[in-house]
Amino acid sequence: MILLDRSVAIIGGGPAGLMAAEVLTHRVVHVDLYDAMPSVGRKFLRAGKGGLNLTHSEPYETFLTRYGARRTQIKPLLDAFGPEDLISWVHGLGIDTFVGTSGKLFPTEMKSTPLLRAWLQRLRSAGVNFHMRHVWRGWDDSGALCFETPQGMLTAHPDAVVLALGGGSWARLGSNGAWVPLLKQRGIPVAELRPSNCGFEVAWSEHFRTRFAGHPLKPVAVVFMDSEGREFRRQGEFIITKYGVEGSLIYSMSATLRDEISAKGVAVIQLDLAPDKGLQRLINELSRPRGSRSMAKHLRSRAGIEGVKAGLLRELVPPEDFFDPAIIGAAIKTLPLRLVAPRPLDEAISSAGGVAFEALDERLMVRSMPGVFCSGEMLDWEAPTGGYLLTACISSGHAAALGAMAWLKSGA
Ligand SMILES: Cc1cc2nc3c(=O)[nH]c(=O)nc-3n(C[C@H](O)[C@H](O)[C@H](O)COP(=O)(O)OP(=O)(O)OC[C@H]3O[C@@H](n4cnc5c(N)ncnc54)[C@H](O)[C@@H]3O)c2cc1C
């Protein structure tokens, strides 16, 4: 039942836009949701292929730190709809969840489809009008929203708009960042979209690339000291790719590494290929007589280094040093690897940059365009993988919808 004869257009049917639609239908206004793609939630469905990490079970204070420099702006959104609310909401859709050993929370079925199906069913029964294949092209001179559709250009005159257009990665799933110039033309400050949770390029030799691309490196620790002297050390695993390195351990440091490369042209990380062994123990082991055994066998039996780890040593340690136990032991513990560029934005899991929070009020309304609200990954924040992305997207969709409601009720 529609109680308020007011209409809100939501543009973008990812998790942020869908949550905005849900909140607005509860507040009983007409809701039209537009999306450029033939169906909504395509990136959300893709996230399901990795199990759909919805959120994280760590203490709230720790959770907030994941938003780095944007913690202050994200906190009020999460205070209103945070990880606990998200979990209850997922359960309310009839989806069971579990917490993995790392503290990450997933749906028990480890996929998005059942959740998205239940969600869309709820939104349809609540009266949300879905308009697919509607590519938003900005505003016309009268302030109407313009959409390119299979039927030609259409316009809409809602009372309020929630933009939930996503970032700029995986364009084939819908979020292509084409909204950036549309907002900039209106004078809205937008920080350049940059890759976040991304791989990095390394100038591998042809031999190493051919032999080891696709091989996982585990366990391994990565240490990185940024230009301000802050040291990051994390242990886990990553993959050698034909162009460089990729994977969860690299993603977890990607913002810092990307910014270092942007400032200095290169980021040098130190790899610890034997994180469970001390340097002196390694040197002692490697100093034992090798006899007629090859260096490869000696490394395997004395230091547990083989396969791609041994390949990395061959790739990065000068041949003349390769047989020196002290040098090779030190290289196993601190092997410098030069990352020369982040991979392109389109390949990244998420985007940094977006609509500047300074352009928005506390309701996520664009100060210079009353009645226009922004949400999701199109806002200027970033976070590592671990469920922090979906949580903040959904939370900001929730906040933008409440903001739109409050604005409509204020008689605007
Ligand atoms: C491979 C992969 C795995 C991921 N796994 C996880 C995970 O496990 N956990 C996690 O927290 N995050 C994960 N993410 C990130 C997460 O999916 C995104 O952060 C989230 O989907 C962003 O939500 P959003 O609603 O802001 O934007 P999106 O989901 O990108 O949705 C934006 C929508 O806007 C539409 N749109 C864009 N431009 C226009 C236009 N001009 N006109 C009309 N419609 C338009 C698009 O078609 C799209 O439907 C993953 C991402 C990828 C790529």
Side-chain angles (χ1 to χ4, degrees), residues 9-21 32-56 63 66-67 83 86 100 102 104-107 110-112 115-116 119 130-139 145-149 154 156 161-183 193 195-199 246 248 251 345-352 354-355 364 374-379 381-398 400:
I10 296 167
I11 314 181
L18 294 175
M19 179 47 87
D32 288 283
L33 190 145
Y34 301 88
D35 200 291
M37 300 300 279
S39 58
V40 294
R42 293 194 166 203
K43 193 177 270 186
F44 186 69
L45 285 174
R46 180 61 186 75
K49 294 204 170 152
L52 193 66
N53 181 194
L54 287 161
T55 191
H56 204 289
F63 192 98
R66 310 301 178 187
Y67 299 94
L86 181 76
S102 56
K104 296 176 182 175
L105 185 124
F106 300 88
M110 298 283 285
K111 52 186 178 186
S112 313
L115 196 163
L116 186 62
W119 197 1
F130 287 91
H131 307 270
M132 295 298 97
R133 294 191 168 92
H134 278 56
V135 183
W136 180 57
R137 295 293 187 206
W139 293 270
L145 299 169
C146 301
F147 295 97
E148 191 181 315
T149 79
L154 297 180
V161 185
V162 176
L163 299 177
L165 296 157
S169 74
W170 290 63
R172 64 186 177 282
L173 301 180
S175 42
N176 58 12
W179 54 267
V180 172
L182 303 178
L183 268 57
L193 297 183
S196 184
N197 296 300
C198 56
E246 178 101 38
S248 55
Y251 294 162
L345 172 61
D346 194 47
E347 289 177 17
I349 295 290
S350 58
S351 310
V355 177
L364 299 182
C374 296
S375 63
E377 205 181 301
M378 70 181 293
L379 298 174
W381 59 277
E382 65 180 312
T385 56
Y388 310 106
L389 298 166
L390 282 173
T391 306
C393 286
I394 290 174
S395 173
S396 63
H398 183 270

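Heavy-atom basis, side chains included; hydrogens, waters and symmetry copies ignored. Both ligands and their constituent atoms are indexed starting at 1 by order of listing.
- Taking only non-hydrogen atoms, the option from Leu390, Ile394, Ile349 nearest to atom 51 (C) of ligand 1 is Ile349.
- Tyr388 is linked by a side chain to side chain donor-acceptor pair (under 3.5 Å) to Glu58, Arg66, counting only residues two or more places apart in sequence or in another chain.
- Residues Ser169 and Lys43 have side chains that bring a donor and an acceptor to within less than 3.5 angstrom of each other.
- For the pair Met378 and ligand 1, the shortest N or O to N or O distance does not fall below 3.5 Å.
- The ligand atoms of ligand 1 that sit less than 4.0 angstrom from a heavy atom of Met37 are 47 (O).
- By the 3.5 Å distance cut-off applied to N or O atoms, Glu377 is counted among the residues near ligand 1.
- With sequence neighbours excluded, the residues that form a salt bridge (Lys or Arg N to Asp or Glu O under 4.0 Å) with Arg137 are Glu148.
- Between Ser175 and ligand 1, an N or O atom pair is found at a separation short of 3.5 Å.
- Which of Leu389, Asp35, Asn53, Leu52 comes nearest to atom 49 (O) of ligand 1 through a heavy atom is settled by distance: it is Asp35.
- Residue Thr391 has no nitrogen or oxygen atom sitting less than 3.5 Å from a nitrogen or oxygen atom of ligand 1, judged on distance alone.
- Counting only heavy atoms from C-beta outward, the side chains of Leu389 and Asn197 approach each other to under 4.5 Å.
- The N/O atoms of Gly12, backbone and side chain alike, include none that comes under 3.5 Å of an N/O atom in ligand 1.
- Proximity annotation for atom 46 (C) of ligand 1: of Pro38, Pro384, Pro15, Gly174, Gly174 comes nearest, heavy atoms only.
- With a heavy-atom cut-off of 4.0 Å, Ser169 does not touch ligand 1 at all.
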